[in-house]
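Side chains are part of it too, since the values below use all heavy atoms of this structure and drop only hydrogens, waters and symmetry mates.
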Amino acid sequence: MFDVLIIGGGVSGVSCALVLGSAKNKLFAQDKKIGIIAHQKTSSLQDALFNNAYGIAPGKLGSELLIESLEQLHNLYPHITQIENEKVMAIEGEFPNFTVVTNKNSYQTENIVIGIGSANTFAIEGLLHYVEPHKKSIAEKNRIQLKNDDHKVADGIYVTGTQAGHRSQLAIAAGSGAAVATDILTLWNDGISSQAHDSIRK
């Protein structure tokens, strides 16, 4: 049983996982089971080249970031379960008892974070009734998003990145994933606002 299962191994999903992982020493987070289904084949990073992203050296390839970000997650926060080579097909149940069904397995979780792209090929059963046209994308591209209020789709279901209605920009996607992570940390902290910072002074 996961406390949170993140669907998507791109910018917003991994960003969310990194922030959640970095809170491992906080009393309210240290016993939480976190997982990420790191399906990356359809990530827009596969063809990306970055010259304008904060903190990333010019000329960095998105395909490199996809690999390096999961390595960073594993090296820093090995307590986070990385599930590879599985595609989510359906989500069943309701908060706090969801079942995430992939093409190979099924997983139980209290909370779900949807961190996949905004392509109109989105086909996760159980979430299709939340789909609506993307509000910030060019209409001709037929992009979609999930209906949400500040990343929250429903109790226990969160959405990040372009699927949350944001524009396709690495910095925006990363911030969106981090924002959802702090919302979940706040939930775990009995509603007391929380985030996770590292410091050279500690």
Side-chain angles (χ1 to χ4, degrees), residues 1-21 23-24 28-45 66 69-70 73-74 77-132 144-166 173-174 176-188:
M1 181 72 177
F2 288 98
D3 291 281
V4 59
L5 188 56
I6 301 163
I7 300 171
V11 177
S12 66
V14 177
S15 177
C16 183
L18 286 166
V19 173
L20 289 174
K24 61 183 172 56
F28 59 81
Q30 62 185 10
D31 63 342
K32 300 300 185 184
K33 187 171 182 183
I34 303 163
I36 179 169
I37 298 178
H39 192 272
Q40 298 180 325
K41 289 182 179 179
T42 58
S43 172
S44 58
L45 262 67
L66 283 171
S69 63
L70 288 179
L73 181 64
H74 172 74
Y77 311 117
H79 65 288
I80 293 182
T81 301
Q82 292 192 33
I83 302 167
E84 298 180 353
N85 302 315
E86 294 188 33
K87 183 177 181 180
V88 174
M89 310 302 291
I91 291 174
E92 302 168 353
E94 57 186 25
F95 178 78
N97 295 299
F98 292 105
T99 299
V100 175
V101 181
T102 75
N103 58 327
K104 297 179 180 179
N105 295 294
S106 63
Y107 304 92
Q108 307 300 310
T109 184
E110 288 188 9
N111 297 281
I112 298 167
V113 177
I114 309 297
I116 58 179
S118 55
N120 63 2
T121 54
F122 183 85
I124 298 178
E125 293 292 335
L127 295 180
L128 296 178
H129 59 290
Y130 294 117
V131 170
E132 64 182 4
I144 59 96
Q145 67 179 58
L146 299 185
K147 297 175 185 177
N148 69 93
D149 181 9
D150 190 23
H151 298 105
K152 186 174 181 180
V153 177
D155 287 344
I157 304 177
Y158 302 85
V159 63
T160 61
T162 56
Q163 191 73 266
H166 296 298
S176 171
V180 168
T182 61
D183 287 343
I184 292 171
L185 293 178
T186 297
L187 177 70
W188 291 345

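- Under a cutoff of 6.0 Å and an axis angle of 45°, Lys147 and Tyr130 do not form a cation-pi pair.
- Between the side chains of Thr99 and Gln108, at least one donor-acceptor pair of N or O atoms lies under 3.5 Å.
- In this structure, Asn111 CG and Ile157 CD1 are separated by 9.5 Å, a value rounded to the nearest 0.5 Å.
- Taking the side chain as every heavy atom from C-beta outward, Met1 and Glu110 approach each other to under 4.5 Å.
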In sequence, state the C-alpha distance, the side-chain angles, and the governing distance for Ile91 and Phe98, and then conclude on side-chain contact (heavy atoms from CB on, under 4.5 Å). CA-CA 7 Å; Ile91 291 174; Phe98 292 105; 4.1 Å; yes
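- Minimum heavy-atom separation, Ala164 to Asn148: O-ND2, 3.0 Å.
- Expressed to the nearest 0.5 Å, how far NZ of Lys152 lies from CG of Leu146 amounts to 15.0 Å.
- Using bins of under 30°, 30° to 60° and over 60° for the plane-to-plane angle, the ring pair Tyr77/His79 lands in the perpendicular bin.
- Counting heavy atoms from C-beta on, the side chains of Thr160 and His166 never come closer than 4.5 Å.
- Contact record, Ile114 with Phe122: CG2-CE1, 4.4 Å, taken as the closest heavy-atom pair.
- The closest donor-acceptor contact from the side chain of Gln82 to the backbone of Leu70 lies under 3.5 Å.
- Between Leu73 and Ile80, the closest side-chain pair of non-hydrogen atoms falls below 4.5 Å.
- With values rounded to the nearest 0.5 angstrom, Thr121 atom OG1 is found 8.0 Å from Ile144 atom CD1.
- Between atom CD of residue Gln145 and atom OG of residue Ser118 there is a gap of 9.0 Å, rounded to the nearest 0.5 Å.
- Of all the heavy atoms in Tyr107 and Ile83, the pair that sits closest is OH-CG2, 3.5 Å.
- When Val153, Val4, Val159 are each tested for a side-chain contact (heavy atoms from CB on, under 4.5 Å) with Val113, only one passes: Val4.
- Val131 places none of its side-chain heavy atoms less than 4.5 Å from the side chain of Asn120.
- Summarising the geometry, atom OG1 belonging to Thr102 is positioned 11.5 Å from atom NZ belonging to Lys87; distances are rounded to the nearest 0.5 Å.
- Under the 3.5 Å distance criterion, the side-chain polar atoms of Asp183 are left unmatched by any main-chain donor or acceptor of Ala181.
- Checking side-chain atoms of Asp3 against main-chain N and O of Ile34 turns up no donor-acceptor pair under 3.5 Å.
- Remark: the backbone N or O of Phe95 is not paired with any side-chain donor or acceptor of Asp155 at under 3.5 angstrom.
- A donor-acceptor contact under 3.5 angstrom links the side chains of Glu86 and Asn105, judged on distance only.
- Under a 3.5 Å cut-off, the side chain of Lys104 and the backbone N or O of Asn85 do form a donor-acceptor pair.
- Residues Ile6 and Leu20 are in side-chain contact: their nearest non-hydrogen atoms beyond the backbone lie under 4.5 Å apart.
- Minimum heavy-atom separation, Ala174 to Val11: N-CG1, 3.5 Å.
- At least one side-chain heavy atom of Lys32 sits under 4.5 Å from a side-chain heavy atom of Trp188.
- Side chain of Glu84 to main chain of Ala38: no donor-acceptor pair is present (N/O by atom type, distance under 3.5 Å, no hydrogens or angles).
- Two residues are said to be in side-chain contact when any heavy atoms from C-beta on lie closer than 4.5 Å; Thr81 and Ile36 fail this criterion.
- In the model, His151 has a side-chain atom that pairs as donor or acceptor with a side-chain atom of Ser176 under 3.5 Å.
- Counting heavy atoms from C-beta outward, Phe2 and Val100 have side chains that stay 4.5 Å or more apart.
- Closest approach of Ile116 to Thr162, counting heavy atoms only: O-OG1, 4.3 Å.
- The minimum heavy-atom distance between Ser12 and Ala173, with the atom names listed, is CB-O, 3.3 Å.
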